[in-house]
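Single-structure report; data block below.
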Amino acid sequence: MKRFLLTPLCLLPALLVSRPVVAQEAEPATGSEASPEAVAATPVGPPPKHVGLWEYVTLKEDDPAPPDPFNLFEGRLRPILLFRGLLVQTFEDTLAVPQGAGKPDLVLDSSKMDPSQFGHRRGFVLDSVEVGLQGRFDSGWYYLAKAELIPREKDGNRSSDYLKDAYFGWNQFPWLDVRVGRMKVPFSQENLKPTAKQALVYSPVMDILTIKRQLGLLVSGGDPWEVARLSAGVFNSTGLAVEQMNSFSQLLYVARLDLRLHKLLKALNVDAGDFEFNLGADFAWVKQNYDPPTQHRWWGVDAHLHYWRFTAEAEVVMKDFFDPPSTGGVQQADRGWGWYTDLTFQAWPGIIDVTGRIEEMDGDRVERGAGSSLSIDEMSKQKKRWITGGVSLYLSRQARFDIDYVHRTALEGYSFHNDVLMGMFQFDL
């Protein structure tokens with residue numbers, strides 16, 4: 001293994017045209033293989049996809065992977081630390097609405113609305129500080145416990161829910177994984193990615209429409225070739241996911257199917273090179289017996305394609321919001337839906353990634369007029385669009401710097417253009 005320290009500026013031109021032969025990163029997070037969060041890291045594994053500017057590494061394909069220096073006691077104890085600080089600039093917008101003859105126009109200020117989790121902030125935002133421990137044992141048992149020191153709700157306001165993950169599981173065999181505790185539910189490929197591994201700082205559609213962490217039981221299994229995997233779980237349906245699961249009529253049921261088609265090629269001894277193609281589908285249902293009772297249903301499909309320096313992803317999620325039954329027993333529902341598609345290009349492999357994304361969301365199938373509210377919650381009726389461009393610079397294996405620009409447009413009602421410019425520094429063990 002050869003290592004280069006990029007201090008002499010004269011080396012930059014040569015490095016820009018060279019490409020390190022770095023082993024491909026582990027497959028994207030799906031099902032019970034949610035991420036490095038889901039199954040604790042082992043002492044030896046493939047090197048990270050992003051080696052970083054200050055540790056430019058060239059590996060031969062047959063070189064052994066370097067050990068993880070943060071794995072202690074042969075992987076039984078590994079600290080977790082994530083720090084994310086943002087510099088945010090929100091660009092305001094105003095609209096002048098005519099009020100008729102002889103009356104002055106009504107001037108609406110977008111700063112009175114709340115179109116993103118960042119609101120209309122300017123300056124430094126401490127977005128996330130995560131601390132915890134994870135580990136695994138030779139018998140197949142593993143655990144993870146993690147807290148968020150700056151918890152926030154979906155609208156960006158502070159939350160009192162400091163606990164993020166707390167579970168233990170068993171996966172002695174690759175075709176079976178059983179886990180109990182508080183965890184991410186197996187729904188949406190974007191939701192299942194660790195925060196530190198997401199290509200962009202802000203993912204509004206999936207943040208709003210999908211289910212997050214809950215307390216429950218998850219069972220995941222698949223074939224020995226890892227081509228197909230089915231994950232199913234039962235979870236608490238409460239907001240903070242801390243109440244006891246004592247009523248089977250008030251639980252969240254989730255199922256997800258993953259198909260890794262590149263694994264099928266491998267099982268057939270077909271050499272596809274640096275190629276990945278994953279398909280996923282998921283479903284969730286909950287009946288909440290509060291006063292009044294109601295129920296929600298979610299559907300989702302997603303795809304992930306990687307080849308050479310390009311990674312493309314797409315996802316569609318729908319949610320039915322059922323109203324309480326009327327006097328005649330009829331239960332109506334609105335349908336919220338959202339989708340995104342993005343493309344990431346490794347402009348300088350291991351060092352710089354460039355990502356573009358477009359996403360849309362609508363509260364239901366009915367077009368709403370200017371008199372509707374502009375709430376950020378998932379019941380918002382306005383159709384909205386976000387177009388994001390971002391650049392990620394990996395300073396080292398643990399440190400990353402991002403610049404993202406988000407163009408936001410309300411496609412129904414009052415058409416405010418509330419763009420956001422974000423700079424992010426992230427440190428992740």
Provide the closest heavy-atom pair for F83 versus L126 in the form atom of the first, atom of the second, distance.
CE1-CD1, 3.3 Å

Going by ring-ring contact (aromatic ring centres under 6.0 Å, His included), name the residues that satisfy it together with F345, two or more places apart in sequence or in a different chain.
F310

To the closest 0.5 Å, what do you measure between OH (Y167) and CG (L144)?
4.0 Å

Please determine if R385 and D362 form a salt bridge, counting it only when a charged side-chain N lies under 4.0 Å from a carboxylate O.
no

Tell me which pairs pass salt bridge (Lys or Arg N to Asp or Glu O under 4.0 Å) where either residue lies in residues 347-357, with sequence neighbours left out.
E190-R357, D342-R357

By ring-ring contact (aromatic ring centres under 6.0 Å, His included), which residues pair with Y405, not counting sequence neighbours?
none

Excluding sequence neighbours, so at least two apart, what forms ring-ring contact (aromatic ring centres under 6.0 Å, His included) with W175?
F173

I would like to know whether W308 and Q346 meet side chain to side chain contact (heavy atoms under 4.5 Å, CB included); could you show each step before the answer?
CA-CA 9 Å; W308 191 49; Q346 294 175 278; over 6 Å; no

Between CG of L53 and CG of L395, what distance do you get to the nearest 0.5 Å?
6.5 Å

Could you check whether any side-chain N or O of Y143 sits under 3.5 Å from a backbone N or O of R76, counting only pairs where one atom can act as donor and the other as acceptor?
yes

Are the side chains of L87 and F124 in touch, meaning some heavy atoms are under 4.5 Å apart?
yes

Sequence neighbours excluded, the answer for salt bridge (Lys or Arg N to Asp or Glu O under 4.0 Å) partners of D271 is none

What pairs with D402 under salt bridge (Lys or Arg N to Asp or Glu O under 4.0 Å), at least two apart in sequence or on another chain?
R400

List in chain and number order the residues that pass side chain to side chain contact (heavy atoms under 4.5 Å, CB included) with A312, two or more places apart in sequence or in another chain; answer none if no residue qualifies.
L343

Hits for salt bridge (Lys or Arg N to Asp or Glu O under 4.0 Å) against E148, two or more places apart or cross-chain, chain-then-number order -> K164

Closest approach of Y162 to L149 (non-hydrogen atoms, all atoms of both residues)
CE2-O, 3.7 Å

Kindly indicate whether the side chain of E360, heavy atoms from C-beta on, has any atom under 4.5 Å from the side chain of L411.
yes

Between CZ on residue R256 and CZ on residue F187, distance to nearest 0.5 Å
8.5 Å

Donor-acceptor contact below 3.5 Å, side chain D223 vs main chain E226
yes

Taking all heavy atoms of G390 and all of D404, pick out the closest pair and write down the distance.
CA-OD1, 3.2 Å

Tell me whether W170 contacts the main-chain N or O of S139 through its side chain, where contact means a donor paired with an acceptor under 3.5 Å.
yes

Between the main-chain N or O of A196 and the side-chain N or O of Q426, is there a donor-acceptor pair closer than 3.5 Å?
yes

Would you say the side chain of L252 lies within less than 4.5 Å of the side chain of V234, judging by non-hydrogen atoms?
no

Residues passing the side chain to side chain contact (heavy atoms under 4.5 Å, CB included) test with A199, sequence neighbours excluded, are T344, T355

Note, W225 side chain near K263 side chain (heavy atom, < 4.5 Å)
no

Distance (rounded to the nearest 0.5 Å) between R179 CZ and K184 NZ:
11.0 Å

Check whether H262 reaches the backbone of L264 with its side chain - one donor and one acceptor, N or O, closer than 3.5 Å.
no

Side chains of D320 and W299: closer than 4.5 Å at any heavy-atom pair?
yes

Could you grab the distance from atom CG of L251 to atom CG of L215, nearest 0.5 Å is fine?
10.0 Å

Stepwise, does the side chain to side chain contact (heavy atoms under 4.5 Å, CB included) test hold for V205 with V317?
CA-CA 9 Å; V205 170; V317 173; 5.9 Å; no

Nearest-0.5 Å distance that lies between atom CZ in R213 and atom CZ in R182:
7.5 Å

With H304, the side-chain contact (heavy atoms from CB on, under 4.5 Å) member among D258, T311, L279:
T311

Minimum side-chain heavy-atom gap L393-V391 below 4.5 Å
no

Here the pair of heavy atoms bringing V354 nearest to A347 is CG2-CB, 4.1 Å

If every non-hydrogen atom of S188 is compared with every non-hydrogen atom of T210, which pair is closest and at what distance?
CB-CG2, 3.7 Å

Would you please test M206 and Q198 for side chain to side chain contact (heavy atoms under 4.5 Å, CB included) and show each step?
CA-CA 12 Å; M206 296 302 113; Q198 294 182 359; over 6 Å; no

Please tell me if the side chains of R229 and R260 come closer than 4.5 Å, counting only heavy atoms from C-beta onward.
yes

Counting distance only, does the side-chain N/O of Q189 pair as donor-acceptor with the main-chain N or O of A314 below 3.5 Å?
yes

Sequence neighbours left out, what passes side chain to side chain contact (heavy atoms under 4.5 Å, CB included) with Y307? Give chain and number order.
F275

For a quick test of reading the model, state the closest non-hydrogen atom pair linking L81 to V131 and the distance between them.
CD1-CG1, 3.9 Å

Check whether the side chains of D127 and Y202 place a donor and an acceptor atom closer than 3.5 Å, and report yes or no.
no

Test side chain to side chain contact (heavy atoms under 4.5 Å, CB included) applied to S396 - qualifying residues, sequence neighbours left out
Q398, A399

Using the rule side-chain contact (heavy atoms from CB on, under 4.5 Å), only one of N278, L192, N191, D282 pairs with D302; which is it?
D282

Could you work out, with ring-ring contact (aromatic ring centres under 6.0 Å, His included) as the rule, every residue matching Y340, not counting sequence neighbours?
none

Steps toward side chain to side chain contact (heavy atoms under 4.5 Å, CB included) verdict (Q172, F137)
CA-CA 9 Å; Q172 179 71 8; F137 302 89; over 6 Å; no

